[in-house]
A.B. asks: 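Quick one: this structure, given as structure tokens, is what I'll be asking you about.
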Amino acid sequence: MLQFFRRRSSAWQFRLLTGPYSLIMLLLLGILISIGVFPASIVGPLTSIQITAVVAITFKTLVASNRKQNLYLLLAGITLGLDLVYGLLKDNSFPMSGLSGALLSGTWAVFFVFSVVLVGQSLFASSKVTLDTVMGGICIFLMLGYLWFAIYGLLMAISPDSFQGPDGALSDFDLMYFSFTTLTTVGYGEITPVTRIAKVAANLEAIVGVLFPTIFMAKLVSSYQRDKSDSDS
């Protein structure tokens, strides 16, 4: 009996470390950490590698039509391609306009919207609650943070005065920090939205940050109760 529980524990720990959504979660967290820890010269290539790995693993987990899967790969390729070109031109001191930054941020926003929709569709298509289901929910939550980071970048590209920080101009890490602080409804307040559209975007992220865990927990409880009733019958 003891050996049985040890095997079950080992299997659970193995899936926690190697499950597809667990790997995606670690990669998404790695992007957040790398942006705050490493210099910009390293962050760009490292982030591209991490996002590419996220795309590859996510593609394997999708429960969607071939058309949606192909569209996902196409959108990911376009987004990563634009990000690479933007990074190369910026590193070579090529004059970049606000329009190019808006285009890149807008493309990232569309990519993460599509990612959230497809991953959510894949998770809610399953009627059973598994470890992958829980990890997938965490992945969606992290993707929402990156989605609003892209939205804030788009707003900053259009209007540089959309946000105000204690040290003047905001970096990418500042916007990322503000996004996840708002998503988790912590709201320290040292970075504040200034324009109306920025305030609306921040409010919407806070609303999503409250509603998504509630809806996801309701999904887990409903699926668990259904599984339990099916097993009892």
A.B. asks: Can you give me every donor-acceptor pair (side chain of residues 60-68, partner residue at least two apart or in another chain, under 3.5 Å) with its distance?
C.D. replies:
residue	atom	partner	partner atom	Å
Thr61	OG1	Thr58	O	2.8
Ser65	OG	Lys68	N	3.4
Lys68	NZ	Gln121	OE1	3.3

A.B. asks: Under the rule for ring-ring contact (aromatic ring centres under 6.0 Å, His included), what residues qualify as partners of Phe178, not counting sequence neighbours?
C.D. replies: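 Here the qualifying residues are Tyr152, Phe163.
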
A.B. asks: Which residue pairs pass the ring-ring contact (aromatic ring centres under 6.0 Å, His included) test with at least one member in residues 180-218, sequence neighbours excluded?
C.D. replies: Tyr146-Phe180, Phe212-Phe216

A.B. asks: To the nearest 0.5 Å, what is the distance between OG (Ser34) and CD1 (Ile42)?
C.D. replies: 10.0 Å

A.B. asks: Can you hop from Met217 to Ile207 via hydrophobic side chains spaced under 4.5 Å?
C.D. replies: no

A.B. asks: How many angstroms lie between CG in Leu75 and CG in Leu80, if you round to the nearest 0.5 Å?
C.D. replies: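 Interatomic distance, Leu75 CG to Leu80 CG, rounded to 0.5 Å: 9.5 Å.
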
A.B. asks: From Thr195 OG1 over to Asp161 CG, what is the distance, rounded to the nearest 0.5 angstrom?
C.D. replies: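 Going from the OG1 atom of Thr195 to the CG atom of Asp161 covers 9.0 Å.
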
A.B. asks: With sequence neighbours excluded, what pairs up with Val55 under the side chain to side chain contact (heavy atoms under 4.5 Å, CB included) test?
C.D. replies: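 Only Ile51, Tyr72, Leu73, Ala76, Phe111 meet the side chain to side chain contact (heavy atoms under 4.5 Å, CB included) criterion with Val55.
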
A.B. asks: Hey, could you give me the CG/CD1 distance between Leu142 and Ile31, rounded to the nearest 0.5 Å?
C.D. replies: 9.5 Å

A.B. asks: Checking Phe141 against Ile138 for the side chain to side chain contact (heavy atoms under 4.5 Å, CB included) test, could you report, in this order, the C-alpha distance in whole Å, the side-chain angles of both residues, the deciding distance, and whether it holds?
C.D. replies: CA-CA 5 Å; Phe141 192 75; Ile138 297 175; 5.5 Å; no

A.B. asks: Can you tell me how far apart CD1 (Ile78) and CG (Asp83) are? Round to the nearest 0.5 Å.
C.D. replies: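 Spacing of CD1 (Ile78) from CG (Asp83) equals 13.5 Å.
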
A.B. asks: Give the other cluster members for Leu154, using side-chain heavy-atom distances under 4.5 Å between Ile, Leu, Val, Met, Phe, Trp and Tyr residues; answer none if it is isolated.
C.D. replies: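 Members other than Leu154 - counting any ILVMFWY side chain reachable under 4.5 Å - are Ile158.
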
A.B. asks: Examine distances only and state if a side-chain atom of Ser159 and a backbone atom of Leu155 form a donor-acceptor pair shorter than 3.5 Å.
C.D. replies: no

A.B. asks: Report yes or no: does Thr192 contribute a side-chain atom to a donor-acceptor pair with the main-chain N or O of Gly189 at less than 3.5 Å?
C.D. replies: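 Answer holds: no.
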
A.B. asks: For the residue pair Gly101 and Ala157, what are the closest heavy atoms and their distance?
C.D. replies: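 So the two residues come closest at C-CB, 3.8 Å.
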
A.B. asks: Does any non-hydrogen side-chain atom of Leu175 lie less than 4.5 Å from one of Leu170?
C.D. replies: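 Yes - at least one pair of side-chain heavy atoms lies under 4.5 Å apart.
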
A.B. asks: Report yes if some heavy atom in the side chain of Trp148 is under 4.5 Å from a heavy atom in the side chain of Thr182; otherwise report no.
C.D. replies: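 Answer no - side chains too far apart.
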
A.B. asks: Should Leu27 and Ile57 count as side-chain neighbours, where that means a heavy-atom distance under 4.5 Å?
C.D. replies: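 SC-SC contact between Leu27 and Ile57 confirmed.
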
A.B. asks: Would you say Val186 and Val210 are hydrophobically clustered, going by side-chain heavy atoms of ILVMFWY under 4.5 Å?
C.D. replies: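 Different hydrophobic clusters.
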
A.B. asks: To the nearest 0.5 angstrom, please state how far the OG1 atom of Thr181 sits from the CG atom of Asp174.
C.D. replies: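 Reported value, rounded in 0.5 Å steps: 10.5 Å.
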
A.B. asks: Please find the pair of heavy atoms, one from Met143 and one from Val116, that lie closest to each other, and give the distance.
C.D. replies: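 What the structure gives for the nearest pair is CB-CG2, 3.7 Å.
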
A.B. asks: At their closest point, which heavy atom of Gly30 faces which heavy atom of Gln50, and how far apart are they?
C.D. replies: C-NE2, 3.4 Å

A.B. asks: Looking at every heavy atom in both Ala109 and Ala150, which two are closest together, and how far apart are they?
C.D. replies: N-CB, 3.6 Å

A.B. asks: Quick one: hydrophobic cluster around Ile49, which other residues, with the 4.5 Å side-chain cut-off, linked directly or via members?
C.D. replies: none

A.B. asks: Would the distance check show the side chain of Asn203 and the main-chain N or O of Val200 forming a donor-acceptor pair, the cut-off being under 3.5 Å?
C.D. replies: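 Answer holds: no.
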
A.B. asks: As a quick check of understanding, evaluate side chain to side chain contact (heavy atoms under 4.5 Å, CB included) for Phe59 and Leu118, giving each step before the final call.
C.D. replies: CA-CA 9 Å; Phe59 180 75; Leu118 290 184; over 6 Å; no

A.B. asks: Just wondering, do Asp172 and Phe149 contact through their side chains at under 4.5 Å, heavy atoms?
C.D. replies: yes

A.B. asks: Quick one: do Ile215 and Leu123 end up in the same hydrophobic cluster if we chain Ile, Leu, Val, Met, Phe, Trp and Tyr together by side-chain heavy atoms under 4.5 Å apart?
C.D. replies: no

A.B. asks: Taking Gly145's backbone N and O only, do any of them form a donor-acceptor pair with Ser179's side chain (distance below 3.5 Å, no angle check)?
C.D. replies: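 It does hold such a pair.
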
A.B. asks: Is any side-chain heavy atom of Leu103 less than 4.5 Å from a side-chain heavy atom of Leu99?
C.D. replies: no

A.B. asks: What heavy-atom pair brings Lys199 and Val194 nearest, and what distance separates the two atoms?
C.D. replies: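 Minimum heavy-atom separation between Lys199 and Val194: CE-O, 3.4 Å.
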
A.B. asks: Verify the cluster assignment for Leu74 and Val119: are they in a single hydrophobic cluster under the rule of side-chain heavy atoms below 4.5 Å apart?
C.D. replies: yes

A.B. asks: Side-chain contact, heavy-atom cut-off 4.5 Å: Ser48 with Leu84?
C.D. replies: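 Side-chain contact under 4.5 Å: no.
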
A.B. asks: Taking all heavy atoms of Leu144 and all of Glu205, pick out the closest pair and write down the distance.
C.D. replies: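 Scanning both residues, the minimum pair turns out to be O-OE2, 4.4 Å.
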
